[in-house]
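First the structure, in the form of structure tokens, and then the observations on it.
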Amino acid sequence: MKATQGAAPDIAANTRDRLAAASAVAVLTGAGISAESGIPTFRGAGGLWKNFRAVDLATPEAFAADPQLVWSWYDWRRGLIASAEPNDGHRALAEMQNRFPRFTLATQNVDGLHSRAGSVDALKLHGDIWTLRCTACGHERQDLRTPLPELPPRCSCGALERPGVVWFGEALPTDVWEQAQQAAREADVFLVIGTSAVVYPAAGLVELAKTSGATVVEINVEATPVSHVVDVSWRAPAAQALPRLLA
Ligand code: BJW
Ligand code: ZN
């Protein structure tokens with residue numbers, strides 16, 4: 001039977017028991033895990049910037065039409081992220097990597113907060129906001145400056161650079177995606193945390209884990225399209241719920 005917070009007050013203990021019996025654990029995170037660090041999510045109330053919907057700016061078409069506008073949004077986000085700190089949810093996941101023989105963290109987030117919390121080798125499904133990639137020669141570089149001195153930034157070859165992230169209609173990095181699928185297939189427990197689970201192919205990992213035999217636990221403040229697929233649906237803020245799994 002599916003557990004929810006209302007129906008099962010001891011949902012944390014239940015999930016801890018499932019984790020205690022697991023040797024392979026995989027995790028998929030989304031923007032909700034960084035919400036308590038003050039980073040806006042994409043959809044819902046936080047997903048607006050100067051009257052633009054965040055998801056409308058995260059496209060190759062938006063960049064082609066107005067690179068200055070799209071870069072202004074990314075530069076603003078880079079500033080927010082730089083002044084944010086990882087929260088107890090990020091830290092709990094970093095601690096978990098030491099507790100299981102096999103542990104894989106796949107994130108849709110580009111903010112780098114998992115790494116700053118101590119997670120090693122997080123799979124960045126949608127890239128990295130600190131990477132800049134040349135639109136002509138493909139050269140990539142890390143640039144941590146915020147604000148960037150010139151918008152839009154340019155490569156040494158003279159062409160425009162773009163954020164090193166994955167926009168709608170673009171393929172996920174192949175090696176990263178393959179590792180994420182393998183982890184979902186092999187997981188005994190799969191945690192899906194703070195994602196609206198509407199963006200594919202990342203959201204497909206939930207069903208892949210479930211059909212491959214994992215116990216799937218969702219941690220989210222709201223129901224999502226995968227809430228009916230998961231074994232345990234825990235309606236709670238990630239930064240409060242995740243530390244309870246370590247108790
Ligand atoms: C809390 C909380 C708290 C709040 N605690 N929870 C029709 C059907 C199916 C698929 C498609 C379709 N039409 C098009 C597609 C494909 C498309 C897609 O999925 N579209 C759907 C939206 C319809 N996908 C793609 O285009 C992908 N590529 C692809 O398919 O390529 C095919 C291909 C193959 C080969 C060659 C070429 C192409 C790429 C998708 C890339 C998504 N990119 C973005 C931007 C990244 C860069 C950036 O950050 O700027 O990724 S869009 C945006 O959405 C971002 C996120 O990673 C992603 C997911 O969002 P997320 O993380 O779930 O955030 P929210 O805001 O949606 O949800 C937050 C959640 O947190 C909520 O549930 C809250 O309740 C919760 N929450 N506070 C716990 N404290
Ligand atoms: Zn270049």
Side-chain angles (χ1 to χ4, degrees), residues 5 28-49 52-63 70-71 73-78 80-81 87-90 92 106-113 123-141 153-174 176-177 191-207 217-227 233-243:
Q5 191 163 35
L28 172 67
T29 64
I33 194 163
S34 295
E36 288 156 279
S37 293
I39 314 287
T41 60
F42 286 89
R43 297 166 184 82
L48 268 184
W49 174 77
F52 294 96
R53 293 193 319 157
V55 287
D56 291 339
L57 294 166
T59 70
E61 293 77 18
F63 186 74
V70 172
W71 260 118
W73 179 55
Y74 277 95
D75 203 41
W76 171 74
R77 287 175 59 199
R78 286 163 55 102
L80 274 185
I81 294 163
N87 63 49
D88 287 346
H90 299 106
T107 185
Q108 298 169 86
N109 300 345
V110 299
D111 57 27
L113 290 180
L123 300 175
K124 296 177 188 171
L125 300 174
H126 293 164
D128 180 349
I129 201 166
W130 302 108
T131 301
L132 277 56
R133 187 165 73 240
C134 179
T135 54
C137 73
H139 176 72
E140 288 194 353
R141 65 183 178 98
R154 288 190 178 273
C155 178
S156 52
C157 80
L160 272 187
E161 288 176 306
R162 56 162 284 175
V165 300
V166 180
W167 284 326
F168 286 115
E170 297 180 330
L172 277 54
T174 309
V176 165
W177 176 237
L191 304 177
V192 50
I193 303 166
T195 176
S196 57
V198 294
V199 174
Y200 282 77
L205 292 172
V206 179
E207 192 142 0
V217 179
E218 178 179 54
I219 299 175
N220 198 307
V221 291
E222 290 176 1
T224 74
V226 297
S227 297
S233 185
W234 188 357
R235 301 278 163 76
Q240 292 175 31
L242 283 165

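Counting starts at 1 for both ligands and their atoms, following the listed order.
Residues C155 and T135 form no side-chain contact, since every pair of their non-hydrogen atoms from C-beta on lies 4.5 Å or further apart. Using a 4.5 Å heavy-atom threshold, the side chains of V70 and F52 count as separate. At a threshold of 4.5 Å between non-hydrogen side-chain atoms, the residues V199 and V55 do not count as touching. E222 places none of its side-chain heavy atoms less than 4.5 Å from the side chain of S227.
Side chain of N220 to backbone of T195: a donor-acceptor contact under 3.5 angstrom is found. S34 contributes no side-chain N or O that, together with a main-chain N or O of S37, makes up a donor-acceptor pair within less than 3.5 Å. Between the side chain of D88 and the backbone N or O of A239 there is no donor-acceptor pair closer than 3.5 Å. Checked by atom type and distance alone, the side chain of N87 pairs as donor or acceptor with a backbone atom of G89 at under 3.5 Å.
Close contacts between ligand 1 and W167 involve ligand atoms 39 (C), 41 (C) [criterion: under 4.0 Å to a heavy atom]. Atom numbering of ligand 1 starts at 1 in the shown order; those under 4.0 Å from a heavy atom of V165 are 47 (C). Of all atoms in ligand 1, listed by their number and element, those nearer than 4.0 Å to a heavy atom of A58 are 45 (C). Taking every heavy atom of G30 and a limit of under 4.0 angstrom, the matching atoms of ligand 1 come to 62 (O). In summary, the atoms of ligand 1 found under 4.0 Å from a heavy atom of A35, numbered by their order in the structure, are 78 (N).
Here the OG1 atom belonging to T59 is positioned 7.5 Å from the CG atom belonging to L57, to the nearest 0.5 angstrom. Atoms CD1 and CD, from I193 and E218 in turn, are 10.0 Å apart once rounded to the nearest 0.5 Å. Between F42 atom CZ and L48 atom CG the span is 13.0 Å, to the nearest 0.5 Å. How far OG1 of T29 is from CD of Q108: 7.0 Å, rounded to the nearest 0.5 Å. Between L172 atom CG and L125 atom CG the span is 5.5 Å, to the nearest 0.5 Å. The distance from atom CD of Q240 to atom CG of L242, rounded to the nearest 0.5 Å, is 10.5 Å.
Nearest to atom 67 (O) of ligand 1 by heavy atom, out of A203, P201, S196, is S196. Closest to atom 27 (C) of ligand 1 by heavy atom, among Y200, W234, Y74, W177, is Y200. Checking R43, Q240, E36 against atom 54 (O) of ligand 1, the nearest heavy atom belongs to R43. Considering each of P40, G194, G47, the one bringing a non-hydrogen atom nearest atom 71 (O) of ligand 1 is G194. Around atom 44 (C) of ligand 1, the closest heavy atom drawn from V192, V166, V199 belongs to V166.
Ligand 1 has an N or O atom lying under 3.5 Å from an N or O atom of A238, backbone or side chain. The N/O atoms of W73, backbone and side chain alike, include none that comes under 3.5 Å of an N/O atom in ligand 1. The N/O atoms of H126, backbone and side chain alike, include one that comes under 3.5 Å of an N/O atom in ligand 1. Checking only distances, F42 does come within under 3.5 Å of ligand 1, N or O to N or O. Ligand 1 has a nitrogen or oxygen under 3.5 angstrom from a nitrogen or oxygen of Q108.
Scanning the protein for heavy atoms near atom 49 (O) of ligand 1, the closest one is R77 NH2, 2.8 Å. In this structure, the protein non-hydrogen atom closest to atom 52 (S) of ligand 1 is F168 CZ, 3.5 Å. Nearest protein heavy-atom contact of atom 62 (O) of ligand 1 is A31 N, 2.8 Å. Counting only heavy atoms of the protein, atom 3 (C) of ligand 1 lies nearest to G32 O, 3.3 Å. Given atom 63 (O) of ligand 1, the protein heavy atom at minimum distance is T195 OG1, 2.6 Å. Looking only at protein heavy atoms, the nearest one to atom 34 (C) of ligand 1 is A171 CB, 4.0 Å. Remark: minimum distance from atom 75 (O) of ligand 1 to any protein heavy atom is reached at N220 OD1, 2.7 Å.
Under the 4.0 Å distance rule, the nearest protein heavy atom to atom 15 (C) of ligand 1 falls outside the cut-off. Note that atom 12 (C) of ligand 1 has no protein non-hydrogen atoms nearby, at separations under 4.0 angstrom. There is a protein heavy atom closer than 4.0 angstrom to atom 41 (C) of ligand 1. Within a 4.0 Å radius of atom 79 (C) of ligand 1, the protein contributes one or more non-hydrogen atoms. Distances from atom 69 (C) of ligand 1 to the protein include at least one heavy-atom value under 4.0 Å.
Taking the charged nitrogens against the carboxylate oxygens, R133 and E170 have no contact shorter than 4.0 Å, which rules out a salt bridge.
Screening F168, Y74, W167 against F63 for a ring-ring contact (aromatic ring centres under 6.0 Å, His included) leaves a single residue, W167.
The shortest separation from a heavy atom of G169 to ligand 1 is under 4.0 Å, placing the residue in contact. Remark: distances from the non-hydrogen atoms of V198 to ligand 1 include one below 4.0 Å.
Within 6.0 Å of CZ in R154 there are more than 12 heavy atoms belonging to other residues, nucleotides or ligands. Annotation for E36: atom CD counts as buried by contact number, over 12 foreign heavy atoms lying within 6.0 Å.
The side chain of V110, and not its backbone, has at least one atom closer than 4.0 Å to an atom of ligand 1 (non-hydrogen atoms only; side chain from C-beta on). Only the backbone of E170 comes within 4.0 Å of ligand 1, judged by heavy-atom distances.
When distances to the Zn ion (ligand 2) are checked against a cut-off of 2.8 Å, C134 contributes an N, O or S atom below that limit.
Atoms SG of C155 and SG of C157, as seen from the Zn ion (ligand 2), are separated by an angle of 110°, to the nearest 10°.
Cation-pi contact between R77 and W49: absent, since separation from the ring centre below 6.0 Å together with deviation from the ring axis within 45° is not met.
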